[in-house]
Amino acid sequence: MGSGGALTGRLSRIRTSRNSKSVSTQKNESITLLKHPWRHIKPFVSIRQSFSTSPFNNIIPKNIPLLFPQMENRNIEKLLFYDLETTGLSGGAGTLAFLAGFGWVENDRLIINQYFLHDFPGEIDFLLLIKELLTDDKILVSYNGKSFDHPLLRTRFLMKGLKLPSISEIDLLHTSRRLWKNRLPSCRLGVIEDRILDIHRVNDIPGIEVPDIYFDFLKTNKSEPLEGVFKHHLQDIKSLAFLLAYINGQWFNPFNIPENDKTSFGKIMLFRNREEGLELLKQSFLKKDNEAGKILSIYYKRNKNLTAAVNIWKEMWNNSQELFQGLELAKYYEHKTKEIESALEIVKLLMQKENTERIMSKLEHRMRRLERKSVSG
DNA sequence: TGAAGGGAAGTTAGCTATAC
DNA sequence: GTATAGCTAACTTCCCTTCA
């Protein structure tokens with residue numbers, strides 16, 4: 001019901017702006033309303049360029065970490081951080097981008113171009129300006145861009161008879177989830193900024209308000225409220241660069257990684273065959289992090305180092321009698337050392353704690369088998 | 001509202017150990 | 001030697017989150 005109302009409202013706003021011929025003619029006057037440093041470069045498009053210090057300046061080497069293996073050996077200067085502000089969330093033909101930002105590192109600076117679409121008739125110029133930046137040696141960096149920004153751009157290019165160049169993309173949402181989903185309440189960019197990057201926005205505009213501010217601009221020509229959107233959008237792109245620089249820095253200096261991130265970084269490093277990952281996980285496990293113990297023991301088990309795996313399971317079991325370590329120890333006692341009574345004791349303890357029907361039936365099955373072996377053996 | 005991708009859970013195939 | 005059971009890895013399916 002709520003979403004239906006929102007859709008009706010959006011359609012009504014689009015209809016109002018499209019039915020009003022005078023809106024477009026008024027736009028030619030409104031373009032000059034955008035203050036310096038905005039520059040009017042096409043009938044309905046303006047551009048603003050911003051400069052700040054590159055967050056990669058103190059990081060050596062400046063290669064993209066192997067955390068993103070498909071980008072191996074490419075230089076930071078090939079990255080194109082990007083973000084769109086749009087007229088809504090839903091995909092399809094009804095939503096378009098009215099603000100596009102692209103940032104890149106040049107020498108010691110982070111340069112960000114923001115392109116603003118004053119009204120719908122200028123969309124083709126808006127897209128052509130974007131296309132100029134998308135050369136095939138670039139790597140796009142986004143936050144949820146693979147699911148949101150990229151498909152939306154593809155649709156808009158298609159609708160204007162243009163082809164969106166095919167470029168590799170790093171979507172930092174998924175990297176962030178792998179790194180921090182266990183210790184942050186959510187992995188929205190704002191939360192990552194606040195809790196990881198130490199970036200705290202003041203008077204920031206919530207994303208949900210952005211489409212309405214743009215539709216109001218289309219109707220009233222008043223550009224002041226857009227300043228908040230421009231500021232919000234610029235910060236989004238800066239944060240992308242800072243986030244990748246942060247991950248890059250940790251990747252190349254693994255022993256400076258904060259205590260509570262060692263397990264997740266260690267896990268990814270181990271997955272990427274970086275032996276520092278093993279050391280990080282060992283350090284976490286020494287601090288009683290059972291998740292680190294779980295990852296480490298699976299690694300040892302797969303690499304046929306059963307002694308090391310068993311030592312971890314025993315220690316984990318002494319710390320807390322949970323399903324993972326209990327089951328692994330029960331398997332080990334039953335099949336390797338033939339200590340049937342030890343296995344049985346563990347399974348019975350797990351059954352006292354378990355309340356999931358599915359797990360319970362598996363434990364019962366295991367217990368019956370162990371009891372048969374105990375009687376016969 | 002739609003799409004991508006990570007992870008959990010479920011399924012299947014292949015291998016090994018054991019019982020008869 | 002054959003049947004059965006268990007384990008593991010690989011694969012599939014489903015759910016959840018994020019974007020303005």
Side-chain angles (χ1 to χ4, degrees), chain A residues 1-11 13 68 70 82-101 140 142-155 169-182 184-192 204-215 226 228-230 232-233 236-237 239-240 264 267-268 271 291 294-295 298-299 301-304 306 309 323-324 327-328 330-336 338 340 343 347 356-359 361-362 365-366 368-370 372-373 375-377:
Chain A
M1 188 119 138
S3 62
L7 181 63
T8 310
R10 197 158 64 239
L11 284 171
R13 285 194 295 271
F68 309 104
Q70 67 274 41
Y82 86 107
D83 182 52
L84 305 177
E85 299 302 326
T86 73
T87 56
L89 262 190
S90 37
T95 302
L96 55 80
F98 65 86
L99 184 62
L140 291 170
S142 65
Y143 208 79
N144 200 30
K146 284 187 176 178
S147 306
F148 181 73
D149 306 74
H150 203 126
L152 192 134
L153 264 189
R154 197 187 304 122
T155 303
E169 179 161 357
I170 296 173
D171 188 335
L172 291 177
L173 165 66
H174 304 293
T175 314
S176 300
R177 280 210 183 125
R178 290 174 77 181
L179 288 172
W180 298 300
K181 76 170 255 197
N182 287 333
L184 294 184
S186 103
C187 287
R188 284 182 294 114
L189 184 58
V191 175
I192 302 291
D204 188 44
I205 294 210
I208 195 168
E209 293 179 12
V210 169
D212 283 339
I213 293 173
Y214 184 62
F215 284 122
L226 281 169
V229 177
F230 298 149
H232 165 94
H233 179 241
D236 278 351
I237 299 166
S239 292
L240 282 176
S264 52
K267 184 180 178 181
I268 297 179
F271 184 68
E291 179 63 20
K294 190 173 171 181
I295 299 161
I298 290 171
Y299 170 82
K301 188 180 169 184
R302 283 185 184 159
N303 287 281
K304 313 291 180 199
L306 202 57
L323 189 67
F324 170 78
L327 265 185
E328 291 299 333
K331 285 184 210 170
Y332 171 74
Y333 287 136
E334 181 184 355
H335 300 292
K336 296 294 175 188
K338 313 297 176 194
I340 304 301
V347 172
T356 315
E357 201 176 318
R358 188 180 60 83
I359 305 288
S361 70
K362 286 190 172 183
H365 180 72
R366 189 176 294 275
R368 283 194 291 273
R369 187 179 69 243
L370 285 165
R372 281 198 303 274
K373 286 186 179 182
V375 170
S376 65

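Here the structure is a predicted model, which is why all the values come from computation and not from measurement. Protein chains get the first letters and strands the later ones, always in sequence-line order, with residue 1 at the start of each.
Atom-to-atom, CG of L172(A) to P of dA4(B) comes out at 18 Å; the value is rounded to the nearest Å. Atom CZ in F230(A) sits roughly 15 Å away from atom C1' in dA20(C) (whole-Å rounding). Counting to the nearest Å, the P atom of dG5(B) and the CD1 atom of I170(A) are 13 Å from each other. Distance H232(A) NE2 to dC19(C) P: 9 Å, rounded to the nearest Å. One interatomic measurement links the two molecules: CZ of F324(A) to C1' of dC7(C), which rounds to 14 Å at whole-angstrom precision. In this structure, the NE2 atom of H150(A) is 11 Å from the P atom of dG5(B), given to the nearest Å. Rounded to an integer number of Å, the gap from R178(A) CZ to dG6(B) P is 6 Å. When rounded to the nearest whole Å, the span between CD1 of I208(A) and P of dT1(B) equals 14 Å.
The pair K331(A)-E328(A) meets the salt-bridge criterion, since a charged nitrogen lies less than 4.0 angstrom from a carboxylate oxygen.
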Pairs: protein N or O with nucleotides 16-18 of chain C N or O, under 3.5 Å:
| unit_1 | atom_1 | unit_2 | atom_2 | d |
| --- | --- | --- | --- | --- |
| dT17(C) | O4' | R177(A) | NH2 | 3.4 |
| dT17(C) | O3' | R177(A) | NH2 | 3.4 |
| dT17(C) | O2 | R177(A) | NH1 | 3.3 |
| dT17(C) | O2 | R177(A) | NH2 | 2.8 |
| dT18(C) | OP1 | S186(A) | OG | 3.3 |
| dT18(C) | OP1 | C187(A) | N | 2.4 |
| dT18(C) | OP1 | R188(A) | N | 3.4 |
| dT18(C) | O4' | R177(A) | NH2 | 3.3 |
| dT18(C) | O2 | N144(A) | OD1 | 3.2 |
| dT18(C) | O2 | N144(A) | ND2 | 2.8 |

Heteroatom pairs (N/O) under 3.5 angstrom, protein to nucleotides 10-15 of chain B:
| unit_1 | atom_1 | unit_2 | atom_2 | d |
| --- | --- | --- | --- | --- |
| dG10(B) | OP1 | R358(A) | NE | 3.2 |
| dG10(B) | OP2 | R358(A) | NE | 2.8 |
| dG10(B) | OP2 | R358(A) | NH1 | 2.6 |
| dG10(B) | OP2 | R358(A) | NH2 | 3.3 |

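Across dA17(B), dA5(C), dT8(C), the shortest atom-to-atom separation from the side chain of R369(A) is found for dA5(C). Distance from the side chain of F148(A) is smallest for dC19(C) among the nucleotides dC19(C), dG7(B), dC7(C). Listed candidates were dC19(C), dC7(C), dT18(B). Nearest to the side chain of L89(A) is dC19(C). With dG5(B), dT8(C), dA20(C) as the candidates, the nucleotide lying closest to the side chain of D83(A) is dA20(C).
Proximity of a side-chain donor or acceptor of D171(A) to a complementary backbone N or O of N144(A) within less than 3.5 Å is detected.
If you take CD1 on I192(A) and OG1 on T175(A), they are separated by 10.0 Å, rounding to the nearest 0.5 Å. For the atom pair CZ of R178(A) and CG of L173(A), the computed distance is 12.0 Å after rounding to the nearest 0.5 Å. Taken from SG in C187(A) to CZ in R177(A), the straight-line distance is 6.5 Å, to the nearest 0.5 Å. Atom CG of L89(A) and atom CG of L152(A) lie 10.0 Å apart (nearest 0.5 Å).
Taking both residues in full, the closest heavy atoms of G88(A) and T95(A) are given as O-CG2, 3.3 Å, listed atom of the first, atom of the second, then distance. Minimum heavy-atom separation, A343(A) to A330(A): CB-O, 3.6 Å.
Across all strands, D236(A) comes closer than 4.0 Å only to sugar-phosphate atoms, never to a base (heavy-atom distances). In this structure, R154(A) reaches neither bases nor backbone, as no heavy-atom distance under 4.0 Å exists between it and the strands shown.
For the OP1/OP2 pair of dC7(C) and a distance below 4.0 Å, the side-chain nitrogens and oxygens of K301(A) include no atom meeting the criterion. H335(A) has a side-chain polar atom (N or O) that falls below the 4.0 Å cut-off from OP1 or OP2 of dC7(C).
Annotation: R369(A), atom CZ; neighbour count of heavy atoms from other residues, nucleotides and ligands within 6.0 Å is above 12.
A donor-acceptor pair shorter than 3.5 Å can be found between the side chains of E169(A) and Y82(A).
Taking for each of G190(A) and R366(A) the nucleotide of DNA chain C with the nearest heavy atom, the 5'-most of the two is the partner of R366(A).
Pair check for dC15(C) finds dG6(B); Watson-Crick or G-U wobble, both atom distances under 3.5 Å.
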